[in-house]
Amino acid sequence: MQPASVDFLIQLAMQAEAQPLISHFRLAPARALSPNAPAQLFTGTAHGRSIALVTHGRDPHFHCDRIGTETATLVAHLAICACHPRLLVSAGACGGFQTQGGAIGDLYMPTRFFFHDQRVAIPKLEQFAIGDCTVSDHPAFRAAMRAKHGICATGSSLDATPSEMALFARERVTCKDMEAAAIARVARDHAIPFIAVKVVTDLVDDHEPAESAFARNLSKALVRLVDALDALIATQVSSQVAPPG
Ligand code: ADE
């Protein structure tokens, strides 16, 4: 069964990121969002609020999680249409930056998002490709989660080129991920309030490659993410949350 509408829709790319949340909130599998998309929907309740959690699912050809912006966009659209959430949450792992005070296990709730690897030197298309988007802050949620402020750069690569590193420094990026700016765009299309909750598994400006730090730190970082999302769901907000501007 798919829910008619939910308080929280939480989107995560990878099953490994989602599993601790599914277990913690005792979420149950729901009907598929589409016969042609491997996304997986789970539903349940916590702290008296209804929750839907969606993962991007496994690619049937490459036998891995469907990470990245293309699937993020598609799954956000399908899940919003199915669940009509009051708040859409892009959750999961990100790269952090020591130069911006970041450390492994830090939790961010960024309010600015943009694509860092979509370069189109044509007026208007350039701005569209970068997709700079600022969302409303929610101090009650931020306080409950003890989340840092930040700026999130989204792209389709785990590593970063020297010119992207320079861009991150110029824009004081604190989180690098592979989904949030795409999901923020879909939330704006649907006029649905949006936040991102991102936990640092690796440091982009460290000498260690992201892939090894990510693998080593993921499970510990997810403990922090579960804790934060539990606190988020437990938070009672009196005012209506606003959609991304
Ligand atoms: N997710 C976790 N770490 C990441 C990184 N360094 N870049 C993009 N996505 C990530």
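All heavy atoms count here, side chains included; hydrogens, waters and symmetry mates do not. Atoms within a ligand are numbered from 1 in the order they appear, just like the ligands themselves. In what follows, residues are counted from 1 in the order of the sequence shown.
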*Are F128 and F115 close enough that their ring centres sit under 6.0 Å apart?*
no
*Examine the side chains of H47 and D230 and answer whether a donor and an acceptor come within less than 3.5 Å of each other.*
yes
*Q11 versus H56, side-chain donor and acceptor atoms under 3.5 Å*: yes
*Among E179, K198, K176, E211, which one has a heavy atom closest to atom 8 (C) of ligand 1?*
K176
*Looking only at heavy atoms, is any part of C94 under 4.0 Å from ligand 1, and if so is it the side chain, the backbone, or both, or is it neither?*
backbone
*Between G96, A221, G95, which one has a non-hydrogen atom sitting closest to atom 4 (C) of ligand 1?*
G95
*Starting from atom 5 (C) of ligand 1, find the nearest protein heavy-atom neighbour and note its residue, name and distance.*
L158 CD1, 3.5 Å
_Side chains of D177 and T154 only: does a donor on one sit below 3.5 Å from an acceptor on the other?_
yes
*Looking at D177, which atoms of ligand 1 are within less than 4.0 Å of one of its heavy atoms?*
8 (C), 9 (N)
*Mark up the atoms of ligand 1 that fall under 4.0 Å of a heavy atom belonging to D202, in ascending order.*
2 (C), 3 (N), 4 (C), 5 (C), 6 (N)
*Those atoms of ligand 1 less than 4.0 Å from some heavy atom in T201*: 2 (C), 3 (N)
_Modelled atom types, side-chain donor and acceptor of T201 and N217, under 3.5 Å_ = no
*Got a salt bridge between E208 and R216, using NZ or NE/NH1/NH2 to carboxylate O under 4.0 Å?*
yes
